[in-house]
Amino acid sequence: MADCCTPRKKLCWCVLLFFLVAGITGGAIGIYKWHYSGLNRWHGAGSTADFQKIIQERCDTYTQTIRPGSRSRNCQAIRQAFMSAFISKDPCKATKEDYNSLINLAPPTVPCGQQVFWSKTKELAHEYAKRRRLMTLEDTLLGYLADGLRWCGEPGSSDLNIWSCPDWRKDCRTNYLSVFWEVLSERFAESACNTVRVVLNGSLENAFDSMSTFGRVEAPNLRPQVELEAWLVHDTGKPPSDSCSGSSIRKLKSILDGRNVKFRCMDNLSRDQFLQRS
Ligand code: JS2
């Protein structure tokens with residue numbers, strides 16, 4: 001029988017084995033790169049790690065400790081409705097309707113006269129609301145659950161995309177994060193009644209920005225007969241850059257006039273003056 005282990009045949013087997021291993025390795029790397037480069041295609045940061053766990057824990061804390069009056073809310077149903085809104089869907093084809101089931105489980109309504117809106121003043125507005133026992137959107141259950149989190153899914157997958165999510169400017173406006181805050185903000189504004197407040201940044205050239213969430217979504221959805229008090233607060237130790245007589249506030253007033261919403265404006269307040277006076 002011919003010797004199958006001649007040096008020449010051994011070399012052939014080694015070369016064959018080398019190319020086989022190289023082919024398998026290259027294929028695996030290619031698949032890995034293809035798969036994760038697909039999940040990496042968006043310009044925004046990926047979903048928050050342990051998103052579902054955080055939502056469940058925040059919901060339990062809110063309904064049992066922060067606002068026991070909302071104890072009847074079903075946190076498991078809320079978590080499931082939140083996930084169903086976006087999982088396995090194209091992250092650039094979000095619609096307000098996707099969130100209907102979730103928002104109907106916990107509408108962002110607060111008692112009349114307690115709403116606080118804000119724009120470029122999040123931390124100050126939250127401190128103000130806390131001191132005066134008023135409520136920002138982030139003090140409602142769904143606003144509290146989602147504040148600071150990121151989420152998006154991918155068609156054909158039941159997982160969150162932790163590698164990247166669409167950026168509002170570089171990828172698409174109809175992403176699930178932006179649409180969530182728009183639809184929640186709209187419902188929050190629509191439910192406003194009596195006198196409500198907005199905390200604006202008097203250190204900006206334009207304290208009111210008609211393209212902001214407050215300017216584009218909330219102000220235009222305030223109902224007639226609501227009275228809006230605008231507070232322009234500037235950085236401590238610096239002069240204000242905008243005032244109630246500035247063009248940006250005149251723009252806000254024109255939007256409100258068009259909706260028969262009454263308007264009052266207070267300006268030239270530092271942080272401390274605002275928190276002590278208001
Ligand atoms: C909270 C987020 C996030 O009146 C306020 C709130 O009711 C809010 O819903 O909308 C208004 C603030 O938005 P605006 O005027 O664009 O000011 P900003 O300082 O540029 O804040 C941008 C964030 C608005 C919505 N939003 N709110 N927590 O994690 C969060 N992520 C987004 N996109």
Side-chain angles (χ1 to χ4, degrees), residues 42-49 51 54-55 58 62 82 85-86 91-92 94 96 99 102-103 106-110 114-130 132 134-152 165-193 195-222 226 228-235 242 248-249 251-252 255-256 261 271:
W42 306 115
H43 293 87
S47 302
T48 303
F51 176 84
I54 294 170
I55 291 291
R58 284 187 179 184
Y62 187 96
F82 206 140
F86 68 95
C92 268
K96 291 181 181 178
Y99 286 112
L102 172 63
I103 294 179
T109 50
V110 302
Q114 289 194 17
Q115 278 95 350
V116 176
F117 301 96
W118 51 272
S119 195
K120 311 295 187 287
T121 58
K122 184 177 181 181
E123 183 274 329
L124 175 61
H126 285 188
E127 179 60 26
Y128 165 69
K130 184 179 168 187
R132 297 289 306 276
L134 301 173
M135 288 183 73
T136 65
L137 180 61
E138 296 74 33
D139 293 311
T140 67
L141 175 51
L142 292 184
Y144 179 80
L145 293 190
D147 195 16
L149 302 186
R150 295 182 59 78
W151 60 92
C152 67
C165 286
D167 174 82
W168 188 78
R169 283 186 178 78
K170 296 176 182 171
D171 296 307
C172 56
R173 296 190 173 192
T174 51
N175 63 76
Y176 279 92
L177 194 64
S178 303
V179 170
F180 171 85
W181 288 111
E182 283 176 12
V183 67
L184 203 66
S185 302
E186 184 177 318
R187 294 282 290 269
F188 185 59
E190 285 171 344
S191 69
C193 36
T195 299
V196 297
R197 292 106 181 140
V198 60
V199 186
L200 298 175
N201 191 328
S203 287
L204 296 176
E205 288 295 318
N206 294 302
F208 172 71
D209 172 4
S210 58
M211 289 314 291
S212 66
T213 306
F214 172 68
R216 188 168 39 85
V217 178
E218 293 172 319
N221 278 292
L222 291 173
V226 164
L228 179 69
E229 277 181 8
W231 295 83
L232 271 65
V233 184
H234 60 268
D235 297 341
D242 200 359
S248 83
I249 299 301
K251 171 68 179 166
L252 171 56
I255 292 170
L256 300 173
V261 171
R271 173 190 171 88

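Fair warning: this is a prediction, and the values are worked out from it, not measured in the lab. Note that ligands are numbered from 1 as they come in the structure, with each ligand's atoms numbered from 1 the same way.
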Measuring only between side-chain heavy atoms, which start at C-beta, is Tyr128 closer than 4.5 Å to Val199? yes
Any side-chain heavy-atom pair from Tyr176 and Val179 closer than 4.5 angstrom? no
Under 6.0 Å between ring centres: does that hold for Phe86 and Tyr99?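 Centroid distance Phe86-Tyr99: not below 6.0 Å, so no.
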Is Lys122 salt-bridged to Asp147, cutoff N-O under 4.0 Å?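 Yes.
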Within the heavy-atom cut-off of under 4.0 Å, ligand 1 is lined by Phe117, Trp118, Ser119, Lys120, Lys122, Leu137, Glu138, Asp147, Gly148, Trp181, Ser185, Ser212, Thr213, Phe214, Glu218
Who passes side chain to side chain donor-acceptor pair (under 3.5 Å) against Lys96, sequence neighbours left out? Glu186
Lys130, NZ atom: more than 12 neighbouring heavy atoms under 6.0 Å: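 Result for NZ/Lys130: open.
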